[in-house]
Amino acid sequence: MITFVTTNPGKFREVSAALAPLGVRLRRLDRAYPEIQADRLRDVVTVAAGIVARQVPGEFLIDDSGLFVDALGGFPGVYSSYVYRTIGPAGIVTLMNKEARRGARFETVFLLGRRGRPPRIFRGVCEGSIARTPRGRGGFGFDPIFVPRGSRRTFGEMSVEEKNAVSHRARAAEALARHLGRRLR
Ligand code: ITT
């Protein structure tokens, strides 16, 4: 059993759904950990892991994710949580109002850790674009304004299964599952 440390129930729902068919079981610990200010998600999780490892017995998973918008130079990126709480998805749409370049990507970094062991990092990326207006009530966070490449719908208009078929987080979960599978062999 792996403890997924996250305050975000949407993340837990997605990762549990992605891993359950592969026989990987998770429990959720609803706890926040300090996130340093750094330019890369992997640096944020690596520092956080040192703190979480001292608090959580056994194996744990943490997920740091961000939305990187091309026309905004990658903003909000590592600041996605702050931007979500302040201007929110509608604020990003406003910033992009006159912008023809709509490209963006979501990125997830997973860290699998255990006290006294070197951590393992897994990444997943989903390319897409920023919608003209927020659409859909599904998902969480910036989902209503993100249209994954190859789709016309936003993540907010998709079920968990549909989002998991293409998402950054599901790709990170697949990489984690491959690692766990190798470890079992
Ligand atoms: P943790 O407790 O796991 O840290 P969090 O919600 O603070 O939960 P992050 O810092 O990783 O998680 O997320 C940064 C922001 O990006 C946050 O506002 C999320 O809602 C949003 N976000 C992360 N993954 C997303 C996704 O798949 N779809 C839409 N928004 C997402």
Side-chain angles (χ1 to χ4, degrees), residues 2-19 26-52 55-56 60-69 72 74-93 95 104-113 121-131 134-149 151 153-174 176:
I2 300 171
T3 302
F4 186 4
V5 185
T6 178
T7 60
N8 186 322
K11 287 184 181 177
F12 186 75
R13 209 176 312 126
E14 291 176 12
V15 181
S16 303
L19 294 181
L26 296 177
R27 75 177 183 108
R28 176 171 168 229
L29 180 61
D30 181 3
R31 183 180 295 175
Y33 47 81
E35 292 185 16
I36 60 156
Q37 192 175 332
D39 289 351
R40 298 187 313 167
L41 295 173
R42 64 179 300 143
D43 296 333
V44 178
V45 284
T46 302
V47 174
I51 296 157
V52 174
Q55 300 179 348
V56 178
F60 65 86
L61 177 70
I62 55 181
D63 162 331
D64 199 28
S65 300
L67 174 66
F68 297 75
V69 180
L72 304 178
F75 182 82
V78 290
Y79 306 107
S80 293
S81 175
Y82 178 75
V83 169
Y84 179 74
R85 284 183 275 118
T86 52
I87 61 172
I92 296 287
V93 166
L95 287 178
R105 67 174 209 282
F106 262 122
E107 186 176 334
T108 287
V109 170
F110 275 177
L111 183 146
L112 181 70
I121 286 186
F122 309 94
R123 228 174 122 250
V125 173
C126 180
E127 302 284 347
S129 59
I130 300 298
R135 297 195 315 261
R137 291 163 167 271
F140 64 91
F142 296 103
D143 280 344
I145 63 164
F146 186 83
V147 180
R149 191 177 282 167
S151 173
R153 287 179 298 154
T154 67
F155 274 157
E157 295 174 299
M158 295 184 184
S159 65
V160 168
E161 289 69 29
E162 287 170 323
K163 182 177 172 186
N164 268 353
V166 294
S167 85
H168 44 301
R169 182 164 295 102
R171 293 207 169 119
E174 282 158 21
L176 167 67

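Counting starts at 1 for both ligands and their atoms, in listed order.
- Ranking the protein heavy atoms by distance from atom 13 (O) of ligand 1 puts S65 O, 3.7 Å first.
- Taking 4.5 Å as the limit, some side-chain heavy atom of F75 sits within range of a side-chain heavy atom of V83.
- Atoms of ligand 1 lying under 4.0 Å from at least one heavy atom of T6, given by number and element, are 1 (P), 2 (O), 3 (O), 8 (O).
- Heavy-atom proximity to K163, at under 4.0 Å, picks out these atoms of ligand 1: 26 (C), 27 (O), 28 (N).
- When the shell of 6.0 Å around CZ of R135 is examined, it contains more than 12 heavy atoms from other residues, nucleotides or ligands.
- Taking each heavy atom of I92 and I87 in turn, the nearest pair found is N-CD1, 4.1 Å.
- R171 places a side-chain N or O within donor-acceptor distance of the main-chain N or O of V125, the cut-off being under 3.5 Å.
- What sits closest to atom 5 (P) of ligand 1 on the protein, heavy atoms only, is K11 NZ, 3.9 Å.
- Per-residue contacts place T7 under 4.0 angstrom from the following atoms of ligand 1 (heavy atoms of the residue considered): 1 (P), 2 (O), 8 (O).
- Below 4.0 Å from some heavy atom of R169 lie the following atoms of ligand 1, by number and element: 23 (C), 24 (N), 25 (C), 26 (C), 27 (O).
- Listed by number with element, the atoms of ligand 1 under 4.0 Å from a non-hydrogen atom of H168 are 26 (C), 27 (O).
- Among the atoms of Y84, none of the N or O lies under 3.5 angstrom from an N or O of ligand 1.
- Of the protein's heavy atoms, S81 OG, 3.8 Å lies nearest to atom 7 (O) of ligand 1.
- Between M158 and S151, the closest side-chain pair of non-hydrogen atoms falls below 4.5 Å.
- On a distance-only criterion, G66 and ligand 1 share no N/O pair closer than 3.5 Å.
- With respect to atom 6 (O) of ligand 1, the closest heavy atom belonging to the protein is N8 ND2, 3.0 Å.
- Counting only heavy atoms of the protein, atom 28 (N) of ligand 1 lies nearest to D143 OD1, 2.6 Å.
- Looking only at side-chain heavy atoms (C-beta outward), D63 and T6 stay at 4.5 Å or farther from each other.
- Taking the six-membered ring where the residue is Trp, F4 and F110 present perpendicular rings, their angle passing 60° and hence far from 30°.
- Here the closest non-hydrogen pair linking D39 and V78 is O-CG1, 3.6 Å.
- Note: F106 and H168 have parallel aromatic rings, judged against thresholds of 30 and 60 degrees for the angle between ring planes.
- Regarding atom 20 (O) of ligand 1, its nearest protein heavy-atom neighbour is G141 CA, 3.4 Å.
- Residue D63 approaches ligand 1 through these ligand atoms, each under 4.0 Å from one of its heavy atoms: 3 (O), 11 (O).
- Atom 21 (C) of ligand 1 has F142 CD1, 4.0 Å as its closest protein atom, hydrogens excluded (heavy atom only).
- Looking at atom 16 (O) of ligand 1, its nearest protein heavy atom turns out to be S80 CB, 3.7 Å.
- At least one heavy atom of F140 lies less than 4.0 angstrom from ligand 1.
- Heavy atoms only, all atoms of each residue included: V160 and E14 are closest at CG1-CA, 4.2 Å.
- A heavy-atom distance below 4.5 Å is found between the side chains of L67 and I130.
- Residue nearest to atom 4 (O) of ligand 1, selected from E35, E14, R85: E35 (by heavy-atom distance).
- Counting atoms of ligand 1 from 1 in the listed order, those under 4.0 Å from a heavy atom of D64 are 9 (P), 10 (O), 11 (O).
- Looking only at side-chain heavy atoms (C-beta outward), R40 and V109 stay at 4.5 Å or farther from each other.
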